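In what follows, a single structure is set out as structure tokens and then discussed.
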Amino acid sequence: MNGNPRYNGKQTFEQWQEQWKTEDRYNFKTIENKWQKIWEDEKAYKVIEDKTKEKFYALVEFPFPSGAGLHVGHPRSYVALDTIARKKRMQGYNVLYPMGFDAFGLPAENYAIKTGVHPAVSTKANIENFTRQLKSIGLSFDWDRCIDTSSPEYYKWTQWMFIQLYKKGLAYKDKMAINWCPACKVGLANEEVVNGCCERCGAEVVRKDKEQWIIAITKYADRLIDDLEGLDFIDRVKSQQTNWIGRSEGAELDFEFGDDKLKVFTTRPDTAFGVTYMVLAPEHEFVQKYMDKFENPEEIKKYVEDTSKKSELQRTADDSKTGVELKGIKAKNPFNNKMIPVFISDYVLTGYGTGAIMAVPAHDQRDYDFAKAFNLPIIEVLQGGDISQKAFEEDGLHINSGFLDGLNKEDGMKAAIEYALKNGFGQAKINFKLRDWVFSRQRYWGEPIPMVYCEHCGWQPLKGEDLPLTLPDVTDYLPNDEGESPLSKALSWVNTTCPKCGKKAKRETDVMPNWAGSSWYFLRYCDPHNDKEFASKEALDYWMNVDWYNGGMEHTTLHLLYSRFWHKFLYDCGYVPTKEPYNKRTSHGMILAENGEKMSKSRGNVINPDDIVNNYGADTFRLYEMFIGPFDQVAMWSEDSLMGVYRFIGKIFNLFKKVYNIEADTKDVRAMHKCILEVTERIDQMKFNTAVSSLMTYVNYMSSLDKIPVVLYKTLLKLLSPFVPHIAEEMWARLGHNTLIVQETWPVGDKALAQDDTVTVAVQLCGKMRGTIEVQKDSSDDDVKAKALALENVARQIHGKEIKKIIVVKNRIVNIVA
RNA sequence: GCGAGCGUGGUGGAAUUGGCAGACACGCCAGACUUAGGAUCUGGUGUCGAAAGACGUGAGGGUUCAAGUCCCUCCGCUCGCACCA
């Protein structure tokens, strides 16, 4: 069985087929090796821009090439879109289905710290291993378009884009309290902090003031919400993004405080008559500014200090209300000129709104709890609740509110804002939970930030011709405790000249976060070898948008949000043709171990794809990944179920022996068209598990035949080929074809041919099943009624009873009510 | 606490969107066969019952000729956010 078994024309088809019927066992290894080589040699999946064909761009999240290799979770996404890509290709689309590596990141660097192996070396080895594994499962990637975010040819453009951000004022350096992971010695974006802990290592995150490059993603907050509207993203993703961005509409109001205006943000300016006190975050600037005017500075200082010592986790875990009154200065409520006390408390966050609030204890539960704890007055300004029990946070008519009395929420809001505007102490305002993106990492294995600090000219971006700014070789990858990047020790690299004035200057030593390279990689796939631009306009015009993007839910508020922002920015600059990058976004469920636990090294329950491919073959692995359960839900790995799929493929192999050059009868044709219709529809809907069961039903039908008409088997192979391309290709060749099945055309189902001319109608008596009858399709109601009543079972039970009503649902059911 | 989703045989899961619950597969039981291979083939398999039949989709109630599917109440699980003013 060496070489290409394709038909050479020297024999008749029949003789050719007979020859292959003698081999009686399914040998996946030979088959898979052979066809993977042929696809590669013939570049079966290479794709070029072809304006005569409609394009389809399928994308999966590219992996971080870890030392552990591929996990069985990765292929769930890859095989799913591979199946879709293959089907689309057979349907005549010009399909771009690329793969690459998100190669910068902490693990490679940690590995280097432990072993001294340069991250570039270990990353290269890991990429090779991943590539081997991906190729072993027969994914139809165009490997000529493979990209690596850590290669200078790639990150040249990441740096170039950073400079564009800087030039447009969207990248700025600022000293701010950031989330600092003391274990990784690195600053984290808000999105990377999970329950107050570092997303990667789990260490508790502390706050630290640092000069950081920040990207003004909040400037795009509105558009990132509003533009979700027209996109075909699963609802879960849309609502998570919307919640994360967290838009709230309200007003910003000024309260007099000392010589200043104390600004607060509120979503309910209409409840201003219920304000009985105010609260500042302990970090609020007025606390320090007025410290010597307060009567109790020691008490205040202590509280501020205690708060600063608390981690984010401690601060949010405890919802009991503590605080200290700022004695000696009161604030003035501009709505009724009442003087009210001012407190500091850690339940007011410094990062949101203005870091200060007006407290309306009657209508906000947190303020209510605080007021109870500090014995502060509670004034009801909305009707409808019982404020002796708890705060009333719903809608109600205003009372005790001067000119707002009697208004509902909507009118009250309008009137309050109008009043504030007229009297010059406030206006309408929209706030977001989304923070600007902390873009500096005090690390080595990332894109160098292409900025230079000159004492005369300040921060200057590198000139275009100086890109890429390559990472220098270092031997010491450890950041120091002050959080200086390892690059700061590479003095010959750090010391440079100012791109503007040419005098001595220093390079930025922080690098970019691992989200940088992945924010635009889908654009690079369109034109991956271009060294003049990140991608040509023609390529982008042809390929963009990504038609279908599948990836993990864990990236919804990270990568997905960042890359949408990044793309919008490039759109605003005129570099990309569309305002959103992805038309459709779906998400796959995780794969758990057999006992329902997460697979992890420490539990020792990780399934290695290599073992599955070696023991059962790539086709079995692929098909099982699709059959394991609903694509968007978690699934449990089961070796037993895997065996079932293996047997199914064996059956396909064995069926070949029963294939003959005979005509199909109407029953055969019906089964075939039913399968075509189901499989086609179910792939489109990502109902892969039921698509596979349709194929199984179809195969079971064929098994029941003594002789299988060749057209049935051919159709089966075509329908199978997106799922199990190797066996499909092999059997296609054994049928005598000298074409590749992966380049064949997808069969078209015919609804009329798929339907039987008789139907089985269920017969119910008072809603209970009593039997079924066979009738001609679309029989008249009377015929169906008569037949139903004649059923022995029905006649017996109905005996002597009066029939009140008979309901007939065409071709479905008869219900006799007696 | 808020938001989203889910709950179906021994197991993974189907169910044309209100119309025969349990497709397909795993497992199990019985039998056949053998080139003894993670074999293959045939039949059976929701529960109770000898059968007729009754019961059955987390629990309870409702709408309907008809409910896994729609409505109400409750219980349980998963995910996301979490003092966001």
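Here is how names work: the chains are called A, B, and so on, in the same order as the sequence lines, proteins then strands, and each is numbered from 1. None of these values were measured; they are calculated from a predicted model.
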**Prompt:** According to a strict under-4.0 Å criterion, is A:K768 in side-chain N/O contact with OP1 or OP2 of B:C55?
**Reply:** yes
**Residue-phosphate contact under 4.0 Å: A:R647 side-chain N/O, B:C24 OP1/OP2** = no
**Prompt:** Should B:C55 form a Watson-Crick or G-U wobble pair with both distances under 3.5 Å, which nucleotide is its partner?
**Reply:** B:G46
[Y] backbone acceptor or donor facing [X] side chain under 3.5 Å:
| X | Y | result |
| --- | --- | --- |
| A:Y368 | A:I387 | yes |
| A:Q776 | A:T758 | no |
| A:T690 | A:S693 | no |

**Prompt:** Do you see a donor-acceptor pair shorter than 3.5 Å between the side chains of A:S77 and A:N550?
**Reply:** yes
**Request:** Just say parallel, tilted or perpendicular for the rings of A:F631 and A:H588, cut-offs at 30° and 60°.
**Result:** tilted
**Request:** Identify whether any heavy atom of A:N700 sits under 4.0 Å from a base atom; if not, whether one sits that close to sugar-phosphate; answer base, sugar-phosphate or nothing.
**Result:** sugar-phosphate
**Item:** Touch class at under 4.0 angstrom, heavy-atom based, for A:Y616 against every strand present
**Value:** base
Just list the side-chain donor-acceptor pairs under 3.5 Å for residues 644-653 of chain A, sequence neighbours left out, or say none.
unit_1, atom_1, unit_2, atom_2, d
A:K651, NZ, A:N700, OD1, 3.4

**Fill in**
Expected string for nucleotides 11-21 of chain B under the B/S/- scheme (protein heavy atoms, under 4.0 Å, primed atoms plus P, OP1, OP2 as sugar-phosphate) is -BSSSB--BBS
**Message:** Side chain of A:M643 only, heavy atoms from C-beta on: which candidate in B:G38, B:C65, B:C81 is closest?
**Reply:** B:G38
**Asked** Given that A:S703 and A:N243 both sit by RNA chain B, which one's nearest nucleotide is further toward the 5' end?
**Response** A:N243
